[in-house]
2 protein chains.
Amino acid sequence: MPVTTQRSEQASPVVNCVVLRVTSGLEVLLWQRRKAPEAGAWALPGGFVDRGEPLEAAARRHLLEKVGVAGVAHLEQLNTTSNACGPGDAWLIDTLYLALVPQGSEPRLPPDTSWHPVQELPPVAFGHESAIGLAHQRLSGKLSYSNAAFALMPERFTLRELADVYAAVLGTRVAPTHLGRVLTRDGVLEATGEQRSAGRNGGRPADEYAFQHEELVISRPLAAFRTLVGPAARR
Amino acid sequence: MPVTTQRSEQASPVVNCVVLRVTSGLEVLLWQRRKAPEAGAWALPGGFVDRGEPLEAAARRHLLEKVGVAGVAHLEQLNTTSNACGPGDAWLIDTLYLALVPQGSEPRLPPDTSWHPVQELPPVAFGHESAIGLAHQRLSGKLSYSNAAFALMPERFTLRELADVYAAVLGTRVAPTHLGRVLTRDGVLEATGEQRSAGRNGGRPADEYAFQHEELVISRPLAAFRTLVGPAARR
DNA sequence: ACAAAAGTGTTGTTACTACACCCATGG
DNA sequence: CCATGGGTGTAGTAACAACACTTTTGT
């Protein structure tokens, strides 16, 4: 941005997306490379950025064109790396995105593309396991202080279903009752008034809930200190 | 990173740094542009990235070369943007960094460079007020769930001094006692056993504290839920 | 009637906050 | 000895977690 007249080196900007969803467990979208390098390994969807194109637009474009994913409910930038490269190699500036796809949206995937459980990844190209790990970490954090789960859930759901999604991401058992109380108190959830019909084994029908907002909202801003003004405030 | 053989557009990667410190208030390091565009306006330190150079290295290099800042105690990537550009213009990929400089480190600044209170910024070039705001926000968050303040403080300090730094960043009054209890419980602070001599008006000498770690540590990982396993865990 | 699933009420526990009180120093 | 600044102890409160109990369904 210091627009000097000085000549500078040129790089190829690329975006890569860690697309996550939860079915029975947490899954990431990968496509299998046919050509070298890393032929046969699984890679994150992504590609080159067009000249002057916003990075987020590039991410959405590649998700749509390359793997047919339209239903991205949340897209968030993670980080950017400049890869080391020799004199002949291409110099890539790689921006990583986290994309969340809700349950129920079933994108039609091309044949080389499929979902993989994050717990048992196939061989991943370019050492991008760390990217998947970073995305997973970020998502775990967001679940605890925001309404990020809206982007993983269908419009309406039961507390049980919501707790299962939390459990899949966090790797802990999560109690539906507690989760519901906390998120309702924080103004994240609201009861729709509707109910689900009971399952085949009977049981009381579950109340249906929905998220109050369908964009990311920070529900607990400063975790540690509520006011912390203390007696000093009197003076 | 999908290294196809396809030709791609070329961009110039740049880094920009929001360098923050706290003296009496929160301050950001800016330098005044002489040349157009935006001559006279104040800009973030930064510049072009060398071919194959890691972004963080580029940030440190520009801080050292351009504004003489060596004592960066914490450096963290914020986000990356691809600026829109016409056919003739340069296409820049701009990665933003947050850098923290501790009290006591007094870098020798070049004449066009100086610290400015974040609360009353001069005219800032390229609309980078939002970048400063983003950095401020991120820092505020980090203070509440990590030991990030280590990068703003000298090695040893009193609880009062620490609370003043928190207050300057968060914009609230912060009670030294409470802050000390919370951070000690979390294993962030430790008493050195030393004491400060009293000020000129007398008063009890304050205990000296130091941070347990001099790199970023997340002191309270998941804010909302402690375990949340509930009765379901029994089954 | 009984099992299964879900929601409600209540209690225990933790930990943040406030405040009253005590300690140490300089003038 | 008193003002000033700093630390300690303790009580109030909010919120999370656990668990017993009730509600509502299917078989």
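Protein chains get the first letters and strands the later ones, always in sequence-line order, with residue 1 at the start of each.
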Whole angstrom is fine here: how far is it from [atom1] in [X] over to [atom2] in [N]?
X: A:Q195; N: D:dG26; atom1: CD; atom2: P; value: 12 Å
X: A:H178; N: D:dA18; atom1: NE2; atom2: P; value: 6 Å
X: A:L189; N: C:dG7; atom1: CG; atom2: C1'; value: 15 Å
X: B:L179; N: D:dG7; atom1: CG; atom2: P; value: 12 Å
X: A:R204; N: D:dC21; atom1: CZ; atom2: P; value: 17 Å
X: A:Y209; N: C:dG7; atom1: OH; atom2: C1'; value: 8 Å
X: B:D207; N: C:dT25; atom1: CG; atom2: P; value: 11 Å
X: A:N201; N: C:dA6; atom1: CG; atom2: P; value: 11 Å

message = Judged by each residue's nearest nucleotide on DNA chain D, which is more toward the 5′ side, B:G202 or B:E208?
response = B:G202

request  = Please tell me which of A:G203 and A:T177 maps to the more 5' nucleotide of DNA chain D, matching each residue to the nucleotide holding its nearest heavy atom.
outcome  = A:T177

key: A:F150 ring center within less than 6.0 Å of A:F157 ring center   = no

ask   = Yes or no on salt bridge (Lys or Arg N to Asp or Glu O under 4.0 Å) for B:E106 and B:R21, after CA distance, side-chain angles and deciding distance?
value = CA-CA 10 Å; B:E106 276 296 336; B:R21 72 165 186 184; 3.1 Å; yes

query = So which heavy atom on A:L100 is nearest to which on A:A148, and how close?
reply = CD1-O, 4.1 Å

ask   = Does B:R160 put a side-chain nitrogen or oxygen below 4.0 Å from OP1 or OP2 of D:dG5?
value = no

query = Would you say the base of D:dG6 and the side-chain of B:R181 have a donor-acceptor pair closer than 3.5 Å?
reply = no

query = Does a side-chain N-to-carboxylate-O contact under 4.0 Å join A:E161 and A:R196?
reply = yes

request  = Indicate, with a heavy-atom threshold strictly under 4.0 Å, whether B:R200 touches base, sugar-phosphate, or nothing.
outcome  = sugar-phosphate

